[in-house]
Amino acid sequence: MASIKVFGHATTTSTRRVLLTLHEKNLDYELVNVELKDGEHKKEPFLSRNPFGQVPAFEDGDLKLFESRAITQYIAHRYEDQGTNLLPADSKNIAHYATMSIGMEVEAHQFDPAASKLAWEQLFKHIYGLTTDQAVVAEEEAKLAKVLDVYEARLKEFKYLAGETFTLTDLHHIPVIQYLLGTPTKKLFTERPRVNEWVAEITKRPASQKILQ
């Protein structure tokens with residue numbers, strides 16, 4: 001039995017963020033399904049793993065964590081020498097690490113709020129029999145476009161957002177991008193040449209393909 005357990009739901013971008021990291025590291029794990037439609041994340045035993053009632057939660061032996069981006073950083077450091085290196089090439093270089101950290105903060109606070117709302121409006125609402133609010137879509141696309149303009153400029157200088165190698169900064173974007181590529185919002189990526197190349201590069205990775213499966 002795998003010592004690593006992920007308590008979450010495979011359709012959520014937060015859970016997928018952790019699973020992607022585990023696949024990149026070639027680590028065995030057990031995914032323990034938390035049924036969101038039944039509210040399992042809002043009651044015990046899940047609340048003992050994350051008192052805020054959000055997936056995923058994570059266990060590696062006796063260590064218990066929650067918050068997907070904290071979990072991915074733990075995995076990247078704990079298993080640095082296994083699978084894909086998801087840290088800067090010189091992980092001891094503080095400046096390089098700070099650059100990656102900036103990228104992760106931008107993803108969490110600038111990119112993801114708009115991207116996740118767009119995925120909700122255009123994909124997940126349909127699953128629940130709800131109607132897309134096109135006004136919200138237009139508003140959030142305008143926000144996302146501004147972020148992608150910054151990315152386009154950055155990617156004219158570097159292959160990836162934190163430099164010349166694939167890192168957690170890039171990985172954190174993948175789950176919601178995979179969803180948005182199936183919506184009209186795809187145009188925001190394809191109309192920016194460097195962003196389009198970057199998206200193609202990160203979503204064709206073997207780990208990304210496994211998550212889609």
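Being a predicted model, the structure only gives us computed values, none of them experimental.
- Under the 3.5 Å distance criterion, the side-chain polar atoms of Thr183 are left unmatched by any main-chain donor or acceptor of Ala119.
- Checked against the 6.0 Å centroid criterion, the rings of His173 and Tyr151 qualify as a close aromatic pair.
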List, one per line, each side-chain donor-acceptor pair under 3.5 Å for residues 63-70, sequence neighbours excluded.
unit_1: Ser68; atom_1: OG; unit_2: Arg17; atom_2: NH1; d: 2.8
unit_1: Arg69; atom_1: NE; unit_2: Glu107; atom_2: OE1; d: 2.7
unit_1: Arg69; atom_1: NH2; unit_2: Glu107; atom_2: OE1; d: 3.2
unit_1: Arg69; atom_1: NH2; unit_2: Glu107; atom_2: OE2; d: 3.1

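- Note on Leu171: it clusters hydrophobically with Tyr74, by side-chain heavy-atom contacts below 4.5 Å among ILVMFWY residues.
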Subject >> side-chain contact (heavy atoms from CB on, under 4.5 Å) between Asp133 and Lys125, intermediate numbers included >> reply: CA-CA 9 Å; Asp133 187 330; Lys125 268 192 169 183; 4.2 Å; yes
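- By the neighbour-count criterion of 12 heavy atoms within 6.0 Å, atom CD1 of Ile94 is sparsely surrounded, having that number or fewer from other residues, nucleotides or ligands.
- Looking at heavy atoms from C-beta onward, Val6 lies in side-chain contact with Thr15 at the 4.5 angstrom threshold.
- Shown here for Val18 and Pro56, the closest heavy-atom pair between the two residues is CG2-CG, 3.9 Å.
- Residue-environment remark: NE2 (His9) exceeds the threshold of 12 foreign heavy atoms within 6.0 Å.
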**OP:** In sequence, state the C-alpha distance, the side-chain angles, and the governing distance for Glu201 and Lys204, and then conclude on salt bridge (Lys or Arg N to Asp or Glu O under 4.0 Å).
**Re:** CA-CA 6 Å; Glu201 183 72 23; Lys204 75 180 182 183; 3.6 Å; yes
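- Considering every non-hydrogen atom in both Ile75 and Leu27, the closest pair reads CG2-CD1, 3.9 Å.
- Looking at heavy atoms from C-beta onward, Thr165 lies out of side-chain contact with Pro88 at the 4.5 angstrom threshold.
- For Glu152 (side chain) and Val195 (main-chain N/O), a donor-acceptor pair under 3.5 Å exists by modelled atom type.
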Original post:
For Val55 and Phe46, what are the C-alpha separation, side-chain angles and deciding distance, and is it a side-chain contact (heavy atoms from CB on, under 4.5 Å)?
Top reply: CA-CA 9 Å; Val55 295; Phe46 186 80; 3.9 Å; yes
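- No side-chain donor-acceptor contact under 3.5 Å links Thr167 to the backbone of Ala162.
- Smallest separation of non-hydrogen atoms from Gln122 and Pro184: OE1-CD, 3.3 Å.
- Considering CG of Asn196 and CG of Leu188, their distance stands at 11.5 Å, rounded to 0.5 Å.
- Environment of CG in Asp28: sparse, with no more than 12 heavy atoms of neighbouring residues, nucleotides or ligands closer than 6.0 Å.
- Within the model, atoms CG of Leu22 and NZ of Lys210 stand 11.0 Å from one another, a figure rounded to the nearest 0.5 Å.
- Within a 6.0 Å radius of NZ in Lys186, no more than 12 heavy atoms belonging to other residues, nucleotides or ligands are found.
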Subject >> Audit row: Lys187, Glu191, salt bridge (Lys or Arg N to Asp or Glu O under 4.0 Å) steps and yes/no >> reply: CA-CA 6 Å; Lys187 66 181 182 293; Glu191 67 191 14; over 6 Å; no
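- Looking only at side-chain heavy atoms (C-beta outward), Leu148 and Phe111 come within less than 4.5 Å of each other.
- A cation-pi arrangement is present between Arg205 and Phe166, with the terminal nitrogen or guanidinium carbon under 6.0 Å from the aromatic centre and inside a 45° cone about the axis.
- By the 6.0 Å contact criterion, NZ on Lys117 is open, its count of non-hydrogen atoms from other residues, nucleotides or ligands being 12 or less.
- Cluster annotation: Leu47 and Val34 are assigned to distinct hydrophobic clusters (Ile/Leu/Val/Met/Phe/Trp/Tyr, side-chain heavy-atom contacts under 4.5 Å, transitive).
- Between Leu130 and Phe124 the shortest side-chain heavy-atom distance does not fall below 4.5 Å.
- Remark: the Tyr79 side chain and the Asp60 side chain contain an N/O donor-acceptor pair separated by less than 3.5 Å.
- With a 4.5 Å cut-off on side-chain heavy atoms, Phe7 and Asn50 do not count as touching.
- Linking ILVMFWY side-chain heavy atoms closer than 4.5 Å, directly or via other members, places Val32 and Tyr29 in two distinct hydrophobic clusters.
- Applying the 6.0 Å contact sphere to NZ of Lys146 captures no more than 12 heavy atoms from other residues, nucleotides or ligands.
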Subject >> Intermediate values then yes/no, salt bridge (Lys or Arg N to Asp or Glu O under 4.0 Å), Glu59 and Arg49 >> reply: CA-CA 9 Å; Glu59 291 182 5; Arg49 298 185 175 96; 3.4 Å; yes
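- Of the possible polar contacts, none joining the Arg16 side chain to the Pro175 backbone as a donor-acceptor pair under 3.5 Å is found.
- To the nearest 0.5 Å, atom OG1 of residue Thr21 and atom CD1 of residue Ile71 are 9.0 Å apart.
- Between the side chain of Asp38 and the main chain of Glu40, no donor-acceptor pair closer than 3.5 Å is present.
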**OP:** Run the numbers on Thr132 and His126 for side-chain contact (heavy atoms from CB on, under 4.5 Å), then give the verdict.
**Re:** CA-CA 8 Å; Thr132 296; His126 294 291; 3.3 Å; yes
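- Taking CG of Leu161 as the start and OG1 of Thr169 as the end, the distance is 7.0 Å to the nearest 0.5 Å.
- Contact detail for Ala10 and Leu31: the closest heavy-atom pair is CB-CD2, 4.1 Å.
- Val199 and Leu168 end up in the same hydrophobic cluster when Ile, Leu, Val, Met, Phe, Trp and Tyr side chains are linked at under 4.5 Å.
- Panel note: side chain Ser48, backbone Pro45; a donor-acceptor pair is recorded below 3.5 Å.
- In this structure, a donor-acceptor pair under 3.5 Å is present between the side chains of Ser91 and Glu80.
- Between Ser208 and Gln178, the shortest heavy-atom contact is O-NE2, 3.1 Å.
- Of the inter-residue distances, the one linking Glu24 atom CD with Leu19 atom CG reads 12.0 Å to the nearest 0.5 angstrom.
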**OP:** Carefully, step by step, assess Leu144 and Leu180 under the rule side-chain contact (heavy atoms from CB on, under 4.5 Å).
**Re:** CA-CA 12 Å; Leu144 184 60; Leu180 291 180; 4.3 Å; yes
Could you pull out all donor-acceptor pairs under 3.5 Å where a side-chain atom in residues 99-106 meets a protein atom, sequence neighbours excluded?
unit_1: Thr99; atom_1: OG1; unit_2: Ala95; atom_2: O; d: 3.0
unit_1: Ser101; atom_1: OG; unit_2: Tyr97; atom_2: O; d: 3.1
unit_1: Glu105; atom_1: OE1; unit_2: His109; atom_2: NE2; d: 3.2

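- The distance from the CD1 atom of Ile202 to the CD atom of Glu197 is 12.5 Å, given to the nearest 0.5 Å.
- In the hydrophobic clustering of this structure, Ile177 groups with Val137; members are Ile, Leu, Val, Met, Phe, Trp, Tyr whose side-chain heavy atoms approach within less than 4.5 Å, directly or through other members.
- Residues Phe52 and His41 keep their aromatic ring centres 6.0 Å or farther apart.
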Subject >> Worked verdict on Asp149 versus Arg192 for salt bridge (Lys or Arg N to Asp or Glu O under 4.0 Å) >> reply: CA-CA 8 Å; Asp149 285 341; Arg192 293 168 172 80; 2.9 Å; yes
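- Taking 4.5 Å as the limit, every side-chain heavy atom of Gln54 sits out of range of all side-chain heavy atoms of Ser14.
- The closest side-chain heavy-atom distance from Tyr179 to Thr185 is not below 4.5 Å.
- For the pair Leu86/Lys25, a side-chain contact is recorded, criterion being any heavy-atom separation below 4.5 Å from C-beta on.
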